[in-house]
Amino acid sequence: MLDQKLIRENPSSVEENLSLRGKVFNISHIHELTVKKKEIDIEISNLQSESKKLSKLIGQEISKSLNNNSQEINELKNKGNKYRTRISEFEEEKRILDNNLYKEILSLPNFPSKDAPIGEDENNNVVIKTWGDPLKKGNLKSHWEIGERLNLFDSTKSTKISKSRFITLIGNGAKLERALINFMLDIHTKNGYLELIPPALVNSESLQGSGQLPKFSKESFNCSNDDLWLSPTAEVPLTAFHKNEIIDFKLLPIKYVAYSPCFRREAGSYGRDTKGLIRLHQFNKVELYWFCDPCKSLEAHKSITSDAESILKKLNLPYRLVDICTGDLGFSSSRTFDLEVWLPSSNSYREISSCSNCLDFQARRSSIRTKTNKKNQYIHTLNGSGLAIGRTMAAILENGQQTDGSVKLPDALVPYFGSNFIKTT
RNA sequence: GGAGAGGUGGCUGAGUGGUUGAAAGCGGCUCCCUGCUAAGGAGUUACAGGAGGUAACUUUUGUCGAGGGUUCGAAUCCCUCCCUCUCCGCCA
């Protein structure tokens, strides 16, 4: 959520900043609402002050005169009655105004960072660096072909259970999933992150707090009997973990790592990545999350990104680091570095982690602050996948494939998986 | 799912219509006493927002789970909702 004061006092700078996203933003209506809100707030506050004084006076008069029905007292009561009517009129107006204002202000995305490359869409993203040697040979199998041959997962049967875009992991596939989760959690916890396993169902307020609502309700699964949704990413419960809190400044930064299943409707992606592990309605993810001193989020962003990178390096998977351009930034993010892993079968890099600095955008929506110099200040939040498990498995299968049909696993995984090969049984 | 109890400041806990933002205790902070510690004494201590001032600060509003209502005035009365706890049932 953007700062209301800024919208009220400097609407043109708000429009300018937002338009870096490559679209035209006209906030004149929102601006008007903020100005009006301010006026009404002051008016109500003044009336309440008067009315409060009067009520005290009446109390005093009654206790003095021992007669609470004298003419003077009745006159005072009448006066008070008038205040009450006027206040409730203003309050009704304020209620409507607040509703409208909130709806609109919650639909505005975050400002892109001045450092983000300017551009319209993903074609303008900037590759910062590449790591490792991408495997480029003929005759390379896709991970779903490998998985099928080694009987690691089954999507056809999963369609019977649920519908398309669900997967059942089998045998070594399930074991590899488990190994990857443990491997990642171990590395991150050794690296100073506190592990959490949050609820997978989250309420609307939590989704609103991290930016998925009100704009992206079609992206998440909703439980119609309750005000609960299947969490699309651990970012949601992790943000909400400290909702409505003032965090002790000495505790910052707070670094969490959370393994969680993630559920996404993938509305509008029909026909894309229909095979394999790349785009599923349900997938596992290990998520990194920081609550950080607002003065230090730029360094924190580098740090969280390199923490995610460290997993790819340890798994020896070729990847590249991409600076997301202003037009391609997510709703809540001011700057995002994507990590893209090499998938030889499609001869391309695919997103496996997205590391975002949301500045105070989510903190404002979720009301998470810290006290510095006796003043409360919104903290900054950062999130990054570390990593998406299914896509990591796809990358391991494709990059480790051998001519005999087996898959060689990265050495770092051996203690977790118990073997350095997956072969047909 | 059924029955009951309850939600008050950092915590415990009083308060059932009037200068009550809220007794008391614990905790916190400051000072005094003391060779140090302990004990003791005095004082102080909710939070959030707005307006004004460079600032120390001043002023104002709101907040006793949330939202409505009654009233000149609500922590206190009425309604709705949420949450927590206990017992029973069911259950991984």
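Every chain is numbered from 1 and lettered A, B, ... according to where its sequence line falls, protein lines coming before strand lines. Since the structure is predicted, the reported quantities are computational estimates derived from the model, not experimental observations.
Note that the CG atom of A/Asn172 and the CG atom of A/Leu152 stand 6.5 Å from one another [nearest 0.5 Å]. A distance of 4.0 Å separates CZ in A/Phe183 from CG in A/Leu315, rounded to the nearest 0.5 Å. Atom CD1 of residue A/Ile87 and atom OG of residue A/Ser51 lie 4.5 Å apart, to the nearest 0.5 angstrom.
Rounded to an integer number of Å, the gap from CG of A/Asp227 to P of B/rG67 is 17 Å. As rounded to whole Å, 8 Å separates atom P of B/rG68 from atom CD of A/Glu91. Distance A/Asn203 CG to B/rA66 C1': 14 Å, rounded to the nearest Å. Between A/Glu43 atom CD and B/rA51 atom C1' the separation is 14 Å, expressed in whole Å. Rounded to whole Å, atom P of B/rC83 lies 12 Å from atom CD of A/Glu205. The CG atom of A/Leu228 sits 13 Å away from the P atom of B/rC82 (whole-angstrom rounding). Atom pair A/Glu245:CD and B/rG10:C1' shows a separation of 14 Å (rounding to whole Å applied). Distance A/Asp41 CG to B/rU63 P: 14 Å, rounded to the nearest Å.
A donor-acceptor distance shorter than 3.5 angstrom exists from the side chain of A/Thr370 to the backbone of A/Ile247, with no hydrogens or angles considered. Not a single donor-acceptor pair under 3.5 Å links the side chain of A/Glu266 to the backbone N or O of A/Arg279. A donor-acceptor pair is defined here as one N or O able to donate and one able to accept, closer than 3.5 Å; such a pair exists between the side chain of A/Ser353 and the backbone of A/Ser385.
Nucleotides B/rG6 and B/rA39 have their C1' atoms positioned 39 Å apart, rounded to a whole Å. B/rA24 and B/rU45: their C1' atoms are spaced 15 Å apart (whole Å). B/rA14 and B/rU76 have their C1' atoms separated by 13 Å, given to the nearest Å. For B/rU63 and B/rA75, the P atoms lie 7 Å apart once the distance is rounded to whole Å. Separation of the C1' atoms belonging to B/rG89 and B/rG17 is 43 Å when rounded to the nearest angstrom. On the P atoms, B/rA23 is 16 Å away from B/rG43, given to the nearest whole Å. B/rA3 and B/rG62 have their P atoms separated by 39 Å, given to the nearest Å. For B/rA22 and B/rC85, the P atoms lie 32 Å apart once the distance is rounded to whole Å.
Comparing A/Arg8 and A/Asn376 by the nucleotide of RNA chain B whose heavy atom lies nearest to each, the residue mapping closer to the 5' end is A/Asn376. With RNA chain B read from its 5' end, the first of the two nearest nucleotides for A/Lys5 and A/Lys53 is the one closest to A/Lys5.
Residue A/Ile246 is classed as a sugar-phosphate contact, given heavy-atom separations below 4.0 Å to backbone atoms only. Across all strands shown, A/Asn46 has no heavy atoms under 4.0 Å from either base or sugar-phosphate atoms. When heavy atoms are screened at a 4.0 angstrom cut-off, A/Lys82 is found touching no nucleic acid atom at all. Looking at heavy-atom distances under 4.0 Å, A/Lys371 makes contact with sugar-phosphate atoms alone, never a base.
Of the candidate nucleotides B/rU61, B/rG49, B/rU19, B/rU19 has the atom nearest to the side chain of A/Gln60. Comparing atom distances between the A/Lys52 side chain and each of B/rA48, B/rG50, B/rG62 picks out B/rG62 as nearest.
Residue pairs that meet the salt bridge (charged side-chain N to carboxylate O under 4.0 Å, His left out) test with at least one member in residues 153-171 of chain A, sequence neighbours left out, do not exist here. Pairs engaging residues 215-241 of chain A under the salt bridge (charged side-chain N to carboxylate O under 4.0 Å, His left out) rule: none recorded [sequence neighbours left out]. For residues 196-241 of chain A, the set of pairs meeting the ring pair (Phe, Tyr, Trp, His ring centres under 6.0 Å) definition, not counting sequence neighbours, comprises A/Phe216-A/Phe331, A/Phe221-A/His281, A/Phe241-A/Tyr256.
Remark: A/His380 engages A/Ser297 in a side-chain hydrogen bond (donor to acceptor under 3.5 Å, both in side chains) (not counting sequence neighbours).
The side chain of A/Lys38 contributes no N or O atom lying less than 4.0 Å from OP1 or OP2 of B/rG49. A/Arg369 has no side-chain polar atom (N or O) that falls below the 4.0 Å cut-off from OP1 or OP2 of B/rA48. For B/rU60, the OP1/OP2 oxygens have no side-chain nitrogen or oxygen of A/Ser45 closer than 4.0 Å.
Taken together, the paired segments of RNA chain B that extend over three or more consecutive Watson-Crick or G-U pairs, each closer than 3.5 Å at both contacts, are B:1-7 with B:82-88, B:10-12 with B:24-26, B:27-32 with B:40-45, B:46-52 with B:57-63, B:65-69 with B:77-81.
Side-chain contact check for A/Asp3 and A/Tyr378: no donor-acceptor pair (N or O, by modelled atom type) lies under 3.5 Å.
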So which protein N/O to nucleotides 72-77 of chain B N/O distances come out below 3.5 Å?
unit_1	atom_1	unit_2	atom_2	d
B/rC72	OP2	A/Arg84	NH2	3.2
B/rC72	O4'	A/Lys77	O	3.2
B/rC72	O2'	A/Ser55	OG	3.2
B/rG73	O4'	A/Ser55	OG	3.0

